[in-house]
Trainee: 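If you scroll down you'll find the structure; I have some questions about it.
We name chains A, B, ... by the order of the sequence lines, and we start the count at 1 in each one.
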Amino acid sequence: MTTYESVTGRRTEIQRSAEDERAALDRLAARRLRVALVLTTAMLVVYFTFILLIAFDKSLLGEMITDGLSLGILLGVIVVLSTWVLTWIYVAWANRRYEPAARELRERAQ
Amino acid sequence: MTPFAAIGDPSAIAITFFCLFIAVALGISYWASRRTKTTEQFYAAGHQISGFQNGMALAGDYMSAASFLGIAGLVALYGFDGLIYSIGFLVGWPIVLFLIAEPLRNLGKYTFADVVAYRLKQTPVRMAAAVGTLSVVIFYLIAQMVGAGVLITLMFDIDYALAVALVGTVMLILILAGGMLATTWVQIVKATLLLGGALALALWVLSYFSWNPLELFDSAATDNGEAVLAPGDQVVTGSWDAVSLGLALMFGTAGLPHILMRFYTVPDTKAARSSVNWATFFIGGFYLLTFVLGFGAMALVGKGTITGVDKGGNMAAPLLAQEVGGEPFLGFIAAVAFATILAVVAGLALSGAAALSHDLWVNVVRHGDAPEREQLRVARIATVLMGVTAIVLGIVLEGQNVAYMVGLAFAIAASANFPALLMAIFWRRFTTWGAVASILVGAVSALVLIYISPTIQEDVLGKDDSLFPLKNPALISMPLAFVTGIVVSLLTRDAKAEEKFYEAERRIILGATPKAVPAAAAVAHRRPTG
């Protein structure tokens, strides 16, 4: 009797902690995916705005803003800067939010 | 004596820089050879590279002679159109960071096929992935080797075949002796030289224009017409061409085997993230400099002189160096160009060798169970095979138009490798046959479409028209690979793969160290209680 109870009792505990871990991991994975998808969409919008203008409105990109600076060149520089900003946002988010959460789960698993 | 006689008439300074770099590369090989004793060290530098170092090495692995000499040349001749490449080559990096880098680091071992095959049946998936890897690597290698031959012949006035053999031999010594560690450090040295050289050259150019880039662009536009600051029809002819090329460049980056392989050299996901952050910073900075270098060459050297030396404009940056800094600077830039090629071909050959030995030999032929010594020996044999193939193809294809092969490599990477990798990481229902079909359809459709496109039919074979209108196939081949992967996965079932999805997700977040949940608990989890 005692043996049976202790075995089932331990089993339930492992089972519960495994379920907790699974739920926490699923949540964290979903959170990372959400951030990743938002930032990916932002990059796609910035880049394909640029590409679609090259494809379908070349003359607009040829508009001169001031001597030596066309809208095309300005947008090109903006695309480059946006890759820096977007990667920086992701790394800042991951280091501040994601990494501590992952570390906590890792410690609990060990 | 014309002012540009030094091109093809190497000065003592140029030869000194060149020999100095080869000496440094060999020194690194010797140093790394004593730290390369295991397969893990050979392929992944023992996971001991820091995030910053890997960021530099990624930049060194990625920025090929095509981006340094090719883009500067395109901008010098056609202005804005060259910048379409600069920007396209950069925008894939954030995608690599957001979607690929961390799962790759924690799920794989040496190749990206490790990640695609993680939940699926090893043999079919690895065979398909090897097709995807090797086709990208071979086309990219051919473009680099032929470019190297032409470049070194132009700069140092030596025989073409000798130049190709020299690049191939130094690369082979480097990899065979020092594996990934030596490759990494050559890439770091190269990135430092290339970024430093490009920055110095750009500042030197700007000093002629009161440190104002707009004054430089204005001067180029005054002499060559304002159209050089707007998109023309040199890089993309039709509208959809631009979109297709844009897709290939953006998503191709996330499917290049030699780039993906570098993520295994860092100790953890945090370092993987920081390495992409640094790589994006360095590569973006470099491509901003190409704006100044290209328009600088247009304004200071002039289109006529540039095309006089090389019709494709590839000598624009070296000529600009000579114009502002004289022979010593030309010699330095020539050595930088050589370093650039060496670092890229080493990364490519190493990833090709990993596909042959780790994916095909160890995991398909030996079913994942080969002794350590055998793995290392096969890795070195595969390296020799890749090196010899690169040298032979480089020599055989002398004088052929291979410029399209970089675009083709990116198209195959975007169509064969990227969709399968993405679905393997994020889609629970992805199946073995879905992966195989997606990779093969992506690779074959990219190859067939480029064969019937204007790129081959008109530019290479000289015909009047072509069956397929787009120069780059990615607009069709990449969606086709996604659709194939999805449809075939939905038609087949891979219960084991679905079951393993949680384990993969757990490993992506926690890494490989903590033990998995006890099997008993996992079973209990599925069984209704009571």
Trainee: What are the two closest heavy atoms between B:Val243 and A:Ile51, and how far apart are they?
Mentor: CA-CG2, 3.7 Å
Trainee: For A:Val80 and B:Gly284, work out which heavy atoms get closest and say how close.
Mentor: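 Reported closest heavy-atom pair: CG1-O, 3.8 Å.
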Trainee: Under 4.5 Å heavy-atom distance to chain A, tell me which part of B:Phe89 shows up: side chain, backbone, both or neither.
Mentor: neither
Trainee: When you compare the side chain of B:Leu214 with that of A:Asp67, does any pair of heavy atoms fall below 4.5 Å?
Mentor: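 SC-SC contact between A:Asp67 and B:Leu214 ruled out.
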Trainee: Taking the side chain as every heavy atom from C-beta outward, state whether A:Leu37 and B:Phe98 have any pair of such atoms under 4.5 Å apart.
Mentor: no
Trainee: Measure B:Leu247 against the heavy atoms of chain A and call it side chain, backbone, both or neither at under 4.5 Å.
Mentor: both
Trainee: Does any non-hydrogen side-chain atom of B:Lys270 lie less than 4.5 Å from one of A:Tyr98?
Mentor: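 A:Tyr98 vs B:Lys270: side chains apart.
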Trainee: Side chain from CB out, backbone as N, CA, C, O: work out which of these in B:Glu215 comes under 4.5 Å of a heavy atom of chain A, or both, or neither.
Mentor: neither
Trainee: Identify the heavy atoms of A:Ala55 and B:Ala242 that sit nearest to each other, and give their distance.
Mentor: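 For A:Ala55 versus B:Ala242, the nearest heavy atoms are CB-CB, 3.9 Å.
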Trainee: Can you tell me which portion of A:Leu71 sits under 4.5 Å from chain B's heavy atoms? Options are side chain, backbone, both or neither.
Mentor: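 Answer is neither: A:Leu71 stays 4.5 Å or more from chain B.
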Trainee: Between A:Val79 and chain B, with a heavy-atom cut-off of 4.5 Å, which part of the residue counts as in contact: side chain, backbone, both or neither?
Mentor: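 For A:Val79, the contact with chain B is made by the side chain alone.
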Trainee: If I measure from the heavy atoms of chain B, does A:Arg32 come under 4.5 Å with its side chain, its backbone, both, or neither?
Mentor: side chain
Trainee: Can you check whether B:Arg273 reaches A:Asn95 side chain to side chain, under 4.5 Å on heavy atoms?
Mentor: yes
Trainee: For B:Leu229, is it the side chain, the backbone, both or neither that has a heavy atom under 4.5 Å from a heavy atom of chain A?
Mentor: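 Both parts, backbone and side chain.
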Trainee: Holding to ring pair (Phe, Tyr, Trp, His ring centres under 6.0 Å), I want the full list of residues that pass it with B:Trp427, two or more places apart in sequence or in another chain.
Mentor: none
Trainee: Could you tell me which of B:Leu99, B:Asn212, B:Thr222 has the largest number of non-hydrogen atom pairs under 4.5 Å with chain A?
Mentor: B:Leu99
Trainee: Does any heavy atom of chain B fall under 4.5 Å from the side chain of A:Thr66, the backbone, both, or neither of them?
Mentor: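 It is the side chain, since no backbone atom gets that close.
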Trainee: Excluding sequence neighbours, so at least two apart, what forms ring pair (Phe, Tyr, Trp, His ring centres under 6.0 Å) with B:Tyr62?
Mentor: B:Trp93
Trainee: Less than 4.5 Å to any heavy atom of chain A: does that hold for the side chain of B:Ile509, its backbone, both, or neither?
Mentor: both
Trainee: Can you name the closest pair of heavy atoms from B:Gly232 and A:Lys58 and give their distance?
Mentor: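 Closest pair (atom of B:Gly232, atom of A:Lys58, distance): O-CE, 3.1 Å.
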Trainee: Would you call the rings of A:Phe56 and B:Trp240 parallel, tilted or perpendicular if under 30° counts as parallel and over 60° as perpendicular?
Mentor: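 A:Phe56 and B:Trp240: perpendicular rings.
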Trainee: Please flag which part of A:Leu52 lies under 4.5 Å from any non-hydrogen atom of chain B: side chain, backbone, both or neither.
Mentor: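 The answer is the side chain of A:Leu52.
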Trainee: Nearest heavy-atom pair of B:Phe217 and A:Ile73: which atoms, and what distance?
Mentor: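 That would be CE1-CG2, 4.0 Å.
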Trainee: Counting C-beta onward and ignoring hydrogens, is there a side-chain heavy-atom pair between A:Tyr90 and B:Val276 closer than 4.5 Å?
Mentor: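 Sidechains of B:Val276 and A:Tyr90: no contact.
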Trainee: Please state whether the side chain, the backbone, both or neither of B:Thr269 comes within less than 4.5 Å of a heavy atom of chain A.
Mentor: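 The side chain, not the backbone.
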Trainee: Do the side chains of A:Val91 and B:Leu97 get nearer than 4.5 Å, heavy atoms only?
Mentor: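 SC-SC contact between B:Leu97 and A:Val91 confirmed.
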Trainee: Select one option (side chain, backbone, both, neither) describing which atoms of B:Phe281 are under 4.5 Å from chain A's heavy atoms.
Mentor: both
Trainee: Walk me through it: do A:Met43 and B:Met250 pass the test side chain to side chain contact (heavy atoms under 4.5 Å, CB included)?
Mentor: CA-CA 10 Å; A:Met43 189 69 250; B:Met250 184 178 217; 3.7 Å; yes
Trainee: Tell me, do A:Trp88 and B:Thr280 make a side-chain contact under 4.5 Å, heavy atoms counted?
Mentor: no
Trainee: Using modelled atom types only, decide if a donor and an acceptor are shared between the side chain of A:Arg106 and the backbone of B:Leu510 within a distance under 3.5 Å.
Mentor: yes
